[in-house]
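Notes follow the structure.
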2 protein chains.
Amino acid sequence: MSAPTPRKTMPRLDESLLTPMPPFSRLEKRQIREILDLASVRRFDEGVAVFEEGAPAERFYMLLDGYIRVMRITPTGEQVIALHIPSGQLFGIAQAIGRTTYPATSVTASEAIVLGWPMRLWDQFVAQYDGFASETYKTVGQRLGEMNNRIVEMATQQVEQRVANSLLRLINQTGRKVEAGIEIDFPITRQDLSEMTATTLHTVSRLLSAWEKQGVVASRRKRITVTDPHRLVLICRGEAPPSR
Amino acid sequence: MSAPTPRKTMPRLDESLLTPMPPFSRLEKRQIREILDLASVRRFDEGVAVFEEGAPAERFYMLLDGYIRVMRITPTGEQVIALHIPSGQLFGIAQAIGRTTYPATSVTASEAIVLGWPMRLWDQFVAQYDGFASETYKTVGQRLGEMNNRIVEMATQQVEQRVANSLLRLINQTGRKVEAGIEIDFPITRQDLSEMTATTLHTVSRLLSAWEKQGVVASRRKRITVTDPHRLVLICRGEAPPSR
DNA sequence: GCGGCTTTTTGTTCTGGCGCAAACTTCTCG
DNA sequence: CGAGAAGTTTGCGCCAGAACAAAAAGCCGC
């Protein structure tokens, strides 16, 4: 229906790239230049692993453009999606939490542009650049809090509420305003959503269909738009009648 | 059956108290003395809140003796137990993850002795004491990893496996060797266990009864002893036939 | 030793949502 | 443009485990 999406272009390594990113925002141009000179930049297609769980943590990364999905795979092969990382965040920062291997796999949820540094530079960055460590730990703290919330949700809520919650989190973190409402800014399948909410793609599909009938969401293949966020909030609080 | 437990005695504030604790283990006696002089020490009865979710994070703490349970309470009043903290760990370190309020409630799971410092000293400790920050973040990282594991478990495992997992975690972190096996070192009810595993106390009770018949655990009121840890590992891997 | 409380056990019923199966729709690529 | 692949929808039976209920056991203070 639309023209083929243009391939994301490789950016020139320019100070303006990193200046808006919180971990670097307090730095001088000269310092950012230094940091960039040490980085390598790469473009990834959608659905490609940047690193895998258990591998030695040799590099840490910053996502310049696109979305990253952090997931784990159980011994029996099931996938569980832990979180999505929006552009502008560091990831793969195993060193920051005292690990020498990556604790999870990260896969591109869309085409992505990624900056990478050798892990040995981590301590140097922490020591050398003001605000780098504290901003990073703010991010770690946010992720910790988010995971905590998910545990509470999974322990206390029904499937419908959990899925509604996940949708809300997604549009908050990765939503893009479109005419019809707020669209999740990367391709996402029913299967993906089920792996974020500990359910099956069948149940997610039924829920989305029901919500679509009620005008809460609009969806097509691999795309979901929330048209009535407020209603979704009611659903995730359990204040709306079950949609089945 | 036994004589009433003697009340935990308030320790003298002595360097030997902090020397073995990882965040402080690299410090000189003089530095530890400084740190102790800034601390206040308190004894808590079992089941008392040290701080509550949402309260301004005015102090951070180190657990000298006993156990702390970190939990959250949902709007509908259900409790979810996030983790247990063994003695020797810092807790309430909101500042470390960039927060100004406590993200969860912490309650003593047993009688406990706790050291506390005003939060404004946090940055000072980080700046002044070598290894303090990195050891702390190792702890944060461990908790992050543990929570991640729990999410994966909750998403992919059956109740029986989750309860087995929780028991194993508990005896690993807070187990005490006794004649019959390894006992969880603080009072714990079926209800508590159900709040850690997202199930009901009824189901936990049935499981423990079944395991007791199989000689895997021994339990009495508020006490659980694992008599066959290896069997429990099989159960949590799903390699043993369901116990019901 | 007794009354009241908390914790644990056990039985029974009921249902959310999973498992399985099959058809349908939408994209992609030659 | 047609074939195949990938993603989605829908129907139906079933069961793990929640909900409800009630009794039993253990503990505490007086």
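Chain naming here is simple, since letters A, B, ... match the order of the sequence lines and numbering starts at 1 in each.
With rounding to the nearest 0.5 Å, the separation of CD1 in B:Ile151 from OG1 in B:Thr156 is 11.5 Å. Note that CE of B:Met71 and CD1 of B:Ile81 are 4.5 Å apart. Values are rounded to the nearest 0.5 Å. In this structure, the separation between CG on A:Asp228 and CG on A:Leu232 is 8.0 Å, given to the nearest 0.5 Å.
A straight line from NZ of A:Lys222 to C1' of C:dT28 spans 11 Å, rounded to a whole angstrom. Separating the CD atom of B:Gln157 from the C1' atom of C:dC18 is a distance of 17 Å, rounded to the nearest angstrom. One can place CD of A:Glu46 at 14 Å from C1' of C:dT28, the figure rounded to the nearest angstrom. We find that CZ of B:Arg223 is positioned 16 Å from C1' of C:dT6, with the value rounded to whole Å.
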May I have the list of side-chain donor-acceptor pairs in residues 42-49 of chain A shorter than 3.5 Å, sequence neighbours left out?
{"residue": "A:Arg43", "atom": "NH1", "partner": "A:Asp45", "partner atom": "OD1", "Å": "3.2"}
{"residue": "A:Arg43", "atom": "NH1", "partner": "A:Glu111", "partner atom": "OE2", "Å": "2.6"}
{"residue": "A:Arg43", "atom": "NH2", "partner": "A:Asp45", "partner atom": "OD1", "Å": "3.0"}

Would you mind writing out the side-chain donor-acceptor pairs for residues 56-66 of chain A within the sub-3.5 Å range, not counting sequence neighbours?
{"residue": "A:Arg59", "atom": "NH2", "partner": "A:Ser40", "partner atom": "OG", "Å": "2.7"}
{"residue": "A:Arg59", "atom": "NH2", "partner": "A:Gly116", "partner atom": "O", "Å": "3.3"}
{"residue": "A:Asp65", "atom": "OD2", "partner": "A:Lys8", "partner atom": "NZ", "Å": "3.4"}

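Between B:Gln79 and B:Arg69, the side chains place no donor N or O within less than 3.5 Å of an acceptor N or O (distance only, hydrogens not considered). For the residue pair B:Arg150 and B:Asn165, no side-chain donor N or O sits within less than 3.5 Å of a side-chain acceptor on the partner. In summary, the side chains of B:Gln173 and B:Glu146 do present a donor paired with an acceptor at a separation below 3.5 Å, with no hydrogens or angles considered. Between the side chains of A:Thr197 and A:Thr199, no donor-acceptor pair is found at a separation under 3.5 Å. A donor-acceptor contact under 3.5 angstrom links the side chains of A:Glu195 and A:Gln191, judged on distance only.
Against DNA chain D, the stretch residues 182-196 of chain A makes heavy-atom approaches under 4.0 Å through A:Thr189, A:Arg190. Shown for residues 200-219 of chain B: residues whose heavy atoms fall under 4.0 angstrom of DNA chain C, namely B:Leu201, B:His202, B:Ser205, B:Arg206, B:Ser209.
Contact annotation: the side chain of B:Arg206 never approaches that of B:Val159 to less than 4.5 Å [non-hydrogen atoms, C-beta and beyond].
The outermost nucleotides of DNA chain D lying under 4.0 Å from heavy atoms of chain A, listed 5' to 3', are D:dA6 to D:dC12.
Between B:Glu153 and B:Arg162, none of the side-chain N atoms (NZ, or NE/NH1/NH2) sits under 4.0 Å from a carboxylate O, so this pair counts as no salt bridge.
Rotation axes derived from the C1' atoms of the five outermost pairs at either end of the helix from C:dG1-D:dC30 to C:dG30-D:dC1 lie 50° apart, to the nearest 10°.
Using cut-offs of 30° and 60° for the angle between ring planes, the A:Phe51 and A:Phe91 rings count as parallel.
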